[in-house]
Asker: 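First the structure, then my questions, so here it is.
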2 protein chains.
Amino acid sequence: MQFSKSTDYALHALIHLGQSEHPNNIGIKELSATLGVSESYLSKIMSKLRQDGIVRAVPGVNGGYELARPAEQITFLDVIQVIEGRQQLFECSNSNSRQHLLLAEEGTVRDQKRQGKCECLVAKVMNGAEQHLHQYLRERTIQSVLDEAFKRCDYEADKK
Amino acid sequence: MQFSKSTDYALHALIHLGQSEHPNNIGIKELSATLGVSESYLSKIMSKLRQDGIVRAVPGVNGGYELARPAEQITFLDVIQVIEGRQQLFECSNSNSRQHLLLAEEGTVRDQKRQGKCECLVAKVMNGAEQHLHQYLRERTIQSVLDEAFKRCDYEADKK
DNA sequence: TTATTGTGGATATCGTAGGTCCATTTTAAT
DNA sequence: ATTAAAATGGACCTACGATATCCACAATAA
Ligand code: SF4
Ligand code: SF4
């Protein structure tokens with residue numbers, strides 16, 4: 001149960017894009033050099049981010065990547081879901097077991113069949129956990145990290 | 001980013017142990033039949049739970065497993081950590097990159113070296129998320145699921 | 001003493017994370 | 001229009017962990 005390295009890379013890449021003052025785009029070379037990740041691999045990740053509308057990409061001379069929307073509208077949850085996929089944290093694997101009958105919500109058996117969803121007591125706890133996690137990650141954006149970094153920078157400057 | 005099937009099995013096994021009225025222990029055969037999981041595999045999982053003091057096991061005739069402590073003292077977090085391990089949700093993979101210098105806490109560089117910990121801005125967000133998740137999972141116990149199941153049972157009985 | 005039950009090591013399979021390479025396509029600059 | 005720079009996507013590779021099985025052995029209560 002860990003976030004993949006790709007998520008790590010994606011977050012750092014987006015932070016770099018967000019902090020950049022350049023008017024022009026940022027190429028994979030610069031990103032690769034900054035993060036210390038191979039161009040080949042990083043480009044796969046950037047490609048995913050583009051497909052999901054997190055960044056824009058332009059090929060050709062002086063091309064590169066830029067954020068597709070303001071950094072304050074790119075949440076950690078967005079990034080994580082693009083890279084890790086959107087499967088649930090917990091997916092029941094044996095809803096046909098004997099035990100299931102005791103824990104599943106009898107009253108909504110028909111709803112389960114209709115929607116393919118499972119609202120048993122175990123899943124309820126786990127899905128609740130997932131919702132909490134998502135809520136937290138929805139409140140953190142690329143911009144919020146940048147803001148904190150700038151704040152800290154100012155503080156360091158003041159000391160001198 | 002998903003919990004493993006083993007975690008699923010472990011939770012269900014513990015719920016079965018907790019709900020059982022039997023004075024004697026419950027063998028792997030019964031657990032296997034109830035959950036619909038092979039004896040071989042399930043015994044591995046039970047073994048882990050035993051090593052971490054969640055259940056007690058006794059071999060021999062009429063042996064089996066029982067909870068090592070009351071069900072209200074076995075949290076979801078306990079179970080998950082035993083099965084999934086205790087690695088962090090997020091572990092930085094390139095703290096030597098150029099970018100790291102901008103985000104890491106300059107003022108505590110020496111602390112980082114001493115403790116081997118990383119308190120940068122990205123990790124701060126992710127570790128915060130993990131703490132939230134853990135807090136939620138600490139508040140749910142095997143007993144709390146059983147209680148809800150009983151409550152629902154009574155409700156169903158009332159309707160009849 | 002013995003039948004029963006859990007333990008742990010060896011082994012197998014399979015999917016996926018992590019990564020590389022290259023041919024192709026797209027674009028801006030000239 | 002040409003060309004060089006840059007992103008794209010497919011093929012391919014490797015290592016590792018999740019899932020699972022089997023069996024010899026240890027422990028225990030009847
Ligand atoms: S009780 Fe819930 S988690 Fe357990 S088998 Fe049924 S649906 Fe799955
Ligand atoms: S900023 Fe944090 S997450 Fe990023 S490389 Fe440095 S320590 Fe790792």
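In what follows, chains are A, B, ... by sequence order, proteins preceding strands, each numbered from 1. Side-chain atoms are counted along with the backbone in the values below, which use heavy atoms only and exclude waters and symmetry mates. Being a predicted model, the structure only gives us computed values, none of them experimental.
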Asker: Which nucleotide in the list C:dT7, C:dA29, D:dT28 gets nearest to the side chain of B:Val58?
Answerer: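 Per side-chain heavy atoms of B:Val58, the pick is D:dT28.
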Asker: D:dA6 phosphate, OP1 or OP2: any side-chain N/O from A:Ser43 under 4.0 angstrom?
Answerer: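 Checking D:dA6 against A:Ser43, no side-chain N or O comes under 4.0 Å of OP1 or OP2.
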Asker: For the atom pair CD (A:Gln81) and OG1 (A:Thr75), what is the distance rounded to the nearest 0.5 Å?
Answerer: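 So the gap between those two atoms works out to 7.5 Å.
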Asker: For residues 29-38 of chain A, please give each side-chain donor-acceptor pair under 3.5 Å, one per line with the distance, not counting sequence neighbours.
Answerer:
residue, atom, partner, partner atom, Å
A:Glu30, OE2, A:His16, NE2, 3.1
A:Ser32, OG, A:Val37, O, 2.6
A:Thr34, OG1, A:Glu30, O, 2.7
A:Ser38, OG, A:Tyr41, N, 3.1

Asker: Given D:dA18, is OP1 or OP2 found less than 4.0 Å from the side-chain N or O atoms of B:Gln2?
Answerer: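 Result: no.
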Asker: Taking ring-ring contact (aromatic ring centres under 6.0 Å, His included) as the definition, give me every residue that meets it alongside A:Phe90, ordered by chain and number, with sequence neighbours left out.
Answerer: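 Testing A:Phe90 for ring-ring contact (aromatic ring centres under 6.0 Å, His included), a comparison that skips the adjacent residues, returns none.
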Asker: To the nearest Å, give me how far apart CG (A:Asn62) and C1' (D:dA6) are.
Answerer: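 Rounded to the whole Å, the gap is 10 Å.
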Asker: Measuring from the side chain of A:Ala57 (C-beta onward, heavy atoms only), which nucleotide among D:dT8, C:dA29, C:dG8 has the closest atom?
Answerer: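 Output: D:dT8.
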Asker: Go through C:dT26, C:dT7, D:dG9 for me and flag the one nearest to the B:Tyr65 side chain.
Answerer: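 When the side chain of B:Tyr65 is considered, C:dT7 is the closest of C:dT26, C:dT7, D:dG9.
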Asker: For the side chain of A:Lys48 and the base of D:dG9, is some donor closer than 3.5 Å to an acceptor across the two?
Answerer: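 No.
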Asker: Looking across every strand, which nucleic acid part, if any, lies under 4.0 Å from B:Phe3 by heavy atom: base, sugar-phosphate, or nothing?
Answerer: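 Touches nothing.
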Asker: For A:Ile26 and B:Thr7, find the nucleotide of DNA chain D closest to each by heavy atoms; which residue's nucleotide sits nearer the 5' end?
Answerer: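 Result of the comparison: A:Ile26.
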Asker: To the nearest 0.5 Å, tell me how far A:Thr141 OG1 sits from A:Leu14 CG.
Answerer: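 Here the rounded value is 11.5 Å.
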Asker: For the side chain of B:Pro59, counting heavy atoms from C-beta on, which of C:dT26, D:dA11, C:dT5 is nearest?
Answerer: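 Closest nucleotide among those given: C:dT5.
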Asker: For a quick check, tell me whether the side chain of B:Lys44 and the base of C:dG9 share a donor-acceptor pair closer than 3.5 Å.
Answerer: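 It does, because a donor-acceptor pair links the side chain of B:Lys44 to the base of C:dG9 below 3.5 Å.
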Asker: With a 3.5 Å cut-off and no angle check, do the side chains of B:Gln135 and B:Glu139 form a donor-acceptor pair?
Answerer: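 Per modelled atom types, B:Gln135 and B:Glu139 side chains form a pair under 3.5 Å.
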Asker: Please tell me which of B:Ser4 and A:Val61 maps to the more 5' nucleotide of DNA chain D, matching each residue to the nucleotide holding its nearest heavy atom.
Answerer: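 Going by which nucleotide is closer to the 5' end, it is A:Val61.
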Asker: Do B:Lys5 and A:Glu91 meet the salt-bridge criterion of a basic N to acidic O distance under 4.0 Å?
Answerer: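 Looking at B:Lys5 together with A:Glu91, the answer is no, because their closest N to O distance does not fall below 4.0 Å.
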Asker: Keeping to residues at least two apart or across chains, list the salt bridge (Lys or Arg N to Asp or Glu O under 4.0 Å) pairs with something in residues 61-71 of chain B.
Answerer: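 Salt bridge (Lys or Arg N to Asp or Glu O under 4.0 Å) check on residues 61-71 of chain B returns B:Arg56-B:Glu66, B:Arg69-B:Asp78.
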Asker: How many whole angstroms separate atom CG of B:Asn25 from atom C1' of D:dA27?
Answerer: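 The answer, rounded to whole Å, is 14 Å.
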Asker: Do you see a donor-acceptor pair shorter than 3.5 Å between the side chains of A:Asp8 and A:His12?
Answerer: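 Judged by distance alone, the side chains do pair up.
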Asker: D:dC16 P sits how many Å from A:Met1 CE, rounded?
Answerer: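 Spelled out: CE on A:Met1 to P on D:dC16 is 22 Å.
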Asker: How many angstroms lie between CD in B:Glu84 and CE in A:Met1, if you round to the nearest 0.5 Å?
Answerer: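 Result: 6.5 Å between the selected atoms.
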Asker: Verify whether one side chain among A:Asn127 and A:Gln131 offers a donor that lies under 3.5 Å from an acceptor in the other.
Answerer: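 On atom types as modelled, these side chains do not qualify, holding no pair under 3.5 Å.
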Asker: Taking only residues at least two apart or on different chains, which pairs with a member in residues 36-54 of chain B satisfy salt bridge (Lys or Arg N to Asp or Glu O under 4.0 Å)?
Answerer: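 Qualifying pairs, neighbours excluded: B:Asp52-B:Arg86.
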Asker: If I take atom CD1 in residue B:Ile45 and atom P in nucleotide D:dA20, what distance separates them, rounded to the nearest angstrom?
Answerer: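 One finds 8 Å between P of D:dA20 and CD1 of B:Ile45, rounded.
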Asker: Check each residue of residues 74-90 of chain B for a non-hydrogen atom within less than 4.0 Å of any atom in DNA chain C, then write out the ones that pass by number, or none.
Answerer: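 Per residue number, the list is empty: none.
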Asker: Is any side-chain N or O of A:Arg56 closer than 4.0 Å to OP1 or OP2 of C:dT27?
Answerer: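 No, outside the criterion.
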Asker: Please confirm whether the shortest side-chain N or O distance from B:Arg50 to OP1 or OP2 of D:dA27 is below 4.0 Å.
Answerer: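 No.
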Asker: Starting at OH of B:Tyr41 and ending at C1' of C:dC14, how long is that distance when rounded to a whole Å?
Answerer: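 Result: 13 Å.
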Asker: Reckon A:Ser47 has a side-chain N or O less than 4.0 Å from the OP1 or OP2 of D:dA7?
Answerer: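 So the side-chain polar atoms of A:Ser47 never come under 4.0 Å of the phosphate oxygens OP1 or OP2 of D:dA7.
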Asker: Between atom CG in B:Leu42 and atom P in C:dG6, what is the gap in whole Å?
Answerer: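 Distance check: B:Leu42 CG to C:dG6 P gives 10 Å.
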Asker: Contact list please: residues 30-40 of chain A against DNA chain C, heavy atoms, distance less than 4.0 Å, in numerical order.
Answerer: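 Under 4.0 Å from DNA chain C: A:Ser38, A:Ser40.
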Asker: Give the rounded distance in Å between these two atoms: CE of A:Met46 and C1' of D:dA6.
Answerer: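 Spelled out: CE on A:Met46 to C1' on D:dA6 is 13 Å.
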Asker: Rounding to a whole Å, what distance do you find between A:Ile28:CD1 and C:dG19:P?
Answerer: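 The distance from CD1 of A:Ile28 to P of C:dG19 comes to 14 Å, rounded to the nearest Å.
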